[in-house]
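Worksheet: the structure to be examined is printed underneath.
So that the names make sense, note that chain A is the first sequence line, chain B the second, and so on, each numbered from 1.
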2 protein chains.
Amino acid sequence: MPNGKLPNNLKITEDIIVKERIRIPKKEALYKTGDPFSSLYAIRSGSFKTLIEYSNGQSQITGFFYRDEVLGLDALNNKAHASYAIAMEDSEVCLLAVKDIEHMLEEFTEIREVMVGLVGTEISRSHNMILTLGSLNADQKLAMFLQDTAQKQETMGYSPNEFILRMRREDIGNYLGLTLETVSRLFSKFSKEGILTINNRNVHILNREKLLAIQKS
Amino acid sequence: MPNGKLPNNLKITEDIIVKERIRIPKKEALYKTGDPFSSLYAIRSGSFKTLIEYSNGQSQITGFFYRDEVLGLDALNNKAHASYAIAMEDSEVCLLAVKDIEHMLEEFTEIREVMVGLVGTEISRSHNMILTLGSLNADQKLAMFLQDTAQKQETMGYSPNEFILRMRREDIGNYLGLTLETVSRLFSKFSKEGILTINNRNVHILNREKLLAIQKS
DNA sequence: CGGGCGATTGATGCAATTCAAGGAGTGTGG
DNA sequence: CCACACTCCTTGAATTGCATCAATCGCCCG
């Protein structure tokens with residue numbers, strides 16, 4: 001499970017994991033800070049952003065999530081969500097209702113393994129984000145973001161070199177610790193350098209080597 | 001378990017958790033990137049920093065850890081450590097040898113609860129770090145760091161307002177995404193403003209209110 | 001007591017932000 | 001289906017927060 005995905009062969013009693021689907025319209029919240037930890041959520045279609053609110057009203061996006069990824073682990077700590085999950089487009093999720101997560105872990109080896117994988121993935125994802133925010137410059141950050149997005153596209157079975165961004169410039173900037181203007185300028189710069197073309201939110205990566213070079217510079 | 005601590009009442013068969021202590025001298029590694037996931041480590045005395053190495057040779061400190069905190073969760077993902085843990089002073093840790101972590105989880109409800117707590121704490125700690133790195137300015141970052149350190153001191157039963165920093169200015173800077181010079185200047189500035197006194201690594205916080213105000217500004 | 005690492009402080013530079021204006025795309029209601 | 005409004009994006013110019021470069025100081029520790 002390299003990317004926090006649930007395996008397809010997961011067949012669990014419905015009493016433990018309810019495969020109920022729910023629809024979340026664009027811009028609406030799947031969960032909010034303080035919501036009790038009642039479920040994990042596997043994305044079946046669409047995409048989400050997760051964000052933390054800071055006490056002065058600002059907020060920080062902590063991740064973008066796509067099909068087959070799992071949301072909600074931030075509530076493990078104290079049984080309440082510590083962040084918001086907002087749909088970036090009309091989306092569908094499967095509820096993995098956790099009536100009692102300890103109970104669930106007790107019963108099924110399969111679930112245990114899955115949970116350890118999911119949690120491990122989230123930890124390493126977060127550490128990677130700390131690395132990005134803490135030590136990369138703006139060019140490197142955006143290059144990293146694009147590589148990451150490309151890879152997620154590929155994982156979903158789409159072309160890694162041609163995709164639609166689901167979020168605004170402002171969100172990308174917030175996520176990377178930059179302003180929306182800087183993000184926009186970087187897209188223009190990368191475009192001039194022949195690394196990609198960008199029309200509104202349609203990205204076409206032309207030179208992945210160069211992107212990698214920037215990221216590692 | 002608000003802070004990733006192991007409860008004192010933890011009594012588990014030695015076959016599962018070996019309470020063996022090992023000593024790690026200052027500057028030496030408890031584990032390195034790539035080391036197989038053989039144990040978790042509970043700090044019994046001393047302190048550690050954890051860091052990720054970036055492909056170009058730079059590194060990013062992801063956390064500072066003190067007595068009763070647990071290290072090693074970064075290996076959950078793929079059974080190998082993704083970071084370094086380096087002792088900042090002569091330290092002692094208890095090995096929580098994980099011969100088979102799934103097996104361990106299977107046997108003991110207590111361990112399951114502890115693990116969920118530890119893992120949840122690490123996730124929320126990481127998210128908090130993303131928030132700090134992504135959206136705070138230099139003053140706010142250092143204020144946050146000092147508050148955090150003060151709180152950890154208090155948790156350990158020491159005065160939250162008077163403590164010794166175990167790391168160099170360079171490490172604080174690296175951790176916060178700043179240079180060592182900026183950190184030094186900020187200490188001087190805070191000192192001039194009567195927020196604290198600092199002599200070398202001895203910190204005395206004089207005005208915690210002001211520190212909080214900076215952090216939330 | 002001397003060597004060396006760590007910390008401070010100053011001068012300068014630059015990357016990214018801020019402020020500002022205009023343009024382009026999207027959706028909605030007439 | 002068009003017009004208007006609104007949100008999002010781009011680009012330029014000025015500003016600034018933090019980094020970089022550099023010199024000196026001072027505290028340990030052998």
Check every nucleotide of DNA chain C for an atom under 4.0 Å from a heavy-atom of chain B, then give the first and the last such nucleotide from 5' to 3'.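 The contacted stretch runs from C:dG6 to C:dA11.
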Atom pairs under 3.5 Å, N or O on each side, protein against nucleotides 10-12 of chain D: can you list them with distances?
| from | atom 1 | to | atom 2 | distance (Å) |
| --- | --- | --- | --- | --- |
| D:dT10 | OP1 | A:Arg169 | NH2 | 3.2 |
| D:dT10 | OP2 | A:Arg169 | NE | 2.7 |
| D:dT10 | OP2 | A:Ser184 | OG | 2.8 |
| D:dT10 | O5' | A:Ser184 | OG | 3.1 |
| D:dT11 | OP2 | A:Ser188 | OG | 2.4 |
| D:dG12 | N7 | A:Arg185 | NH1 | 2.9 |
| D:dG12 | O6 | A:Arg185 | NH2 | 3.2 |

Using distance alone, with no hydrogens and no angle criterion, decide if [X] and [Y] have a side-chain donor and acceptor under 3.5 Å apart.
X: B:Gln153; Y: B:Thr149; answer: no
X: B:Glu122; Y: A:His127; answer: yes
X: A:Gln58; Y: A:Asn56; answer: yes
X: A:Thr50; Y: A:Thr62; answer: yes
X: B:Asp35; Y: B:His81; answer: no

Mind calculating the distance between [atom1] ([X]) and [atom2] ([N]) to the nearest angstrom?
X: B:Glu89; N: D:dC29; atom1: CD; atom2: P; answer: 13 Å
X: A:Lys26; N: D:dC8; atom1: NZ; atom2: C1'; answer: 11 Å
X: B:Asp139; N: D:dT16; atom1: CG; atom2: P; answer: 16 Å
X: B:Gln58; N: D:dA19; atom1: CD; atom2: C1'; answer: 13 Å
X: B:Asn174; N: D:dA19; atom1: CG; atom2: P; answer: 12 Å

Inter-axis angle, terminal five-pair segments of the helix from C:dC1-D:dG30 to C:dG30-D:dC1 [nearest 10°]: 50°
Under 4.0 Å between a side-chain nitrogen and a carboxylate oxygen: does that hold for B:Arg166 and B:Asp171?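 The answer is no: the pair does not qualify as a salt bridge.
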N-O pairing of B:Glu89 and B:Lys26 below 4.0 Å: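 Result for this pair is no, no salt bridge flagged.
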Checking side-chain contact (heavy atoms from CB on, under 4.5 Å) for the pair A:Gln60/B:Leu133: CA distance, chi angles, key distance, verdict? CA-CA 10 Å; A:Gln60 169 69 40; B:Leu133 288 169; over 6 Å; no
Pairs meeting criterion ring pair (Phe, Tyr, Trp, His ring centres under 6.0 Å) with involvement of residues 173-217 of chain A, two or more places apart: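 Of all non-adjacent pairs touching residues 173-217 of chain A, those that pass ring pair (Phe, Tyr, Trp, His ring centres under 6.0 Å) are A:Phe64-A:Tyr175.
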Within the 4.0 Å heavy-atom criterion, would you say B:Gly173 contacts the bases, only the backbone, or no part of the nucleic acid?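 B:Gly173: no heavy atom of the nucleic acid under 4.0 Å.
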Can you tell if the side chain of A:Ile205 reaches within under 4.5 Å of the side chain of A:Glu162, non-hydrogen atoms only? no
Taking the six-membered ring for Trp, are A:Tyr41 and A:Tyr31 closer than 6.0 Å centroid to centroid? yes
side-chain hydrogen bond (donor to acceptor under 3.5 Å, both in side chains) against A:Thr182, all qualifying residues, sequence neighbours excluded: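 Counting only residues at least two positions away or on another chain, A:Thr182 forms a side-chain hydrogen bond (donor to acceptor under 3.5 Å, both in side chains) with A:Thr179.
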Contact check, residues 140-148 of chain A vs DNA chain C, heavy-atom distance under 4.0 Å, returns none
A:Phe65 six-ring centre to A:Lys152 NZ/CZ under 6.0 Å and within 45° of normal: yes
